[in-house]
Amino acid sequence: MSVAQAKYAVLMTRATSSTAGPAFAWVDGPDAQAGVPGTDGVVLPGRSIAILDIPSLALATGAANVRFDMAVGESTARRRGDPASIEIRIDLGGVGPTGAPLSTSRYLVHPAGQRPLTALGIALGVERQLGLRGEAVPPGIHTPEALIDPAYAAKRMAKIGATFVDAPGDTDPAASR
């Protein structure tokens, strides 16, 4: 492991559960390479990267595997001749209450790119920290997903022009409700 990997070992890109809790493992080399499909099916070469959301999501949900793959390239909108946009593909898999396997895939798309989504995320976090939505947050370190109601965040994303789009091959018909 390089010095850089050691410094950022807390930002692991894959989480696996064990009886002692989640264990994080560094993903590198060929295992870190990924194809990231756009909404039009064009697959861009990407790489699994370490961001704070990985351990946060794993610990908050108990998910056995959390991975963030990123590709930078021409978006679907740009290939159509429209301005560059952002497409975030979200793949979820697991088991339902009856033990049956479930999976769903969606895209979060914003026609103006990442900036409006980042700005909204900051605004929602500040709004919550100041107690403008719900009670004021006690002193301490808090992650956004622990403070912001997901349904409220999705509603606000839609208000600023973001859309959720079913990914081709989605296997969870109930998820499109």
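The shown structure was predicted, so the numbers you read here are calculated from the model rather than taken from an experiment.
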Taking all atoms of both residues into account, what is the closest heavy-atom pair of P37 and G35, and its distance?
CD-O, 3.5 Å
Looking only at non-hydrogen atoms, find the nearest pair between P45 and A71 and report the distance.
O-CB, 3.5 Å
So, are R106 and D166 salt-bridged, with charged N and O less than 4.0 Å apart?
yes
According to a hydrophobic-cluster definition based on side-chain heavy atoms being under 4.5 Å apart (Ile, Leu, Val, Met, Phe, Trp, Tyr only), do M157 and V109 belong together?
no
Which other residues belong to the hydrophobic cluster containing V36, where Ile, Leu, Val, Met, Phe, Trp and Tyr are joined when side-chain heavy atoms lie under 4.5 Å apart, directly or via other members?
none
So how far is it from L124 CG to D149 CG, rounded to the nearest 0.5 Å?
10.5 Å
Close side-chain approach of I160 to H110, heavy-atom, < 4.5 Å:
yes
Taking every heavy atom of A84 against every heavy atom of S75, the minimum-distance pair comes out as CA-OG, 3.9 Å
For the CZ atom of R47 and the CD atom of Q33, what is their distance to the nearest 0.5 Å?
7.0 Å
Starting from V42, can I reach V72 by hopping between I/L/V/M/F/W/Y residues whose side chains sit under 4.5 Å apart?
no
Checking side-chain contact (heavy atoms from CB on, under 4.5 Å) between R67 and each of V27, D91, I49, which is the one that passes?
V27
Do V66 and F68 land in one hydrophobic cluster if side-chain heavy atoms of ILVMFWY residues count as linked below 4.5 Å?
yes
Would you say that S105 contacts R89 through its side chain, given a criterion of any heavy-atom pair below 4.5 Å between the two side chains?
yes
Can you tell me how far apart OG1 (T143) and CD1 (I148) are? Round to the nearest 0.5 Å.
9.0 Å
Residue pairs passing the side-chain hydrogen bond (donor to acceptor under 3.5 Å, both in side chains) test with at least one member in residues 117-137, sequence neighbours excluded, are Q114-T118, E127-Y152, E127-R156
Within the side chain of T76, is there an N or O that forms a donor-acceptor pair under 3.5 Å with the backbone of G38?
no
If you round to the nearest 0.5 Å, how far is CD1 of I51 from CE of M70?
9.0 Å
Taking salt bridge (charged side-chain N to carboxylate O under 4.0 Å, His left out) as the test, write out the residues that go with R115, two or more places apart.
none
Would a single hydrophobic cluster contain both Y107 and L117, if residues Ile, Leu, Val, Met, Phe, Trp and Tyr are joined by side-chain heavy-atom contacts under 4.5 Å?
no
Does E74 offer a backbone N or O that forms a donor-acceptor pair with the side chain of R79 under 3.5 Å?
yes
Which atom of P111 lies closest to which atom of G161, heavy atoms considered:
CD-O, 3.5 Å
Applying the 4.5 Å side-chain criterion to the ILVMFWY set and letting contacts propagate, would I86 and I90 be lumped into a single cluster?
yes
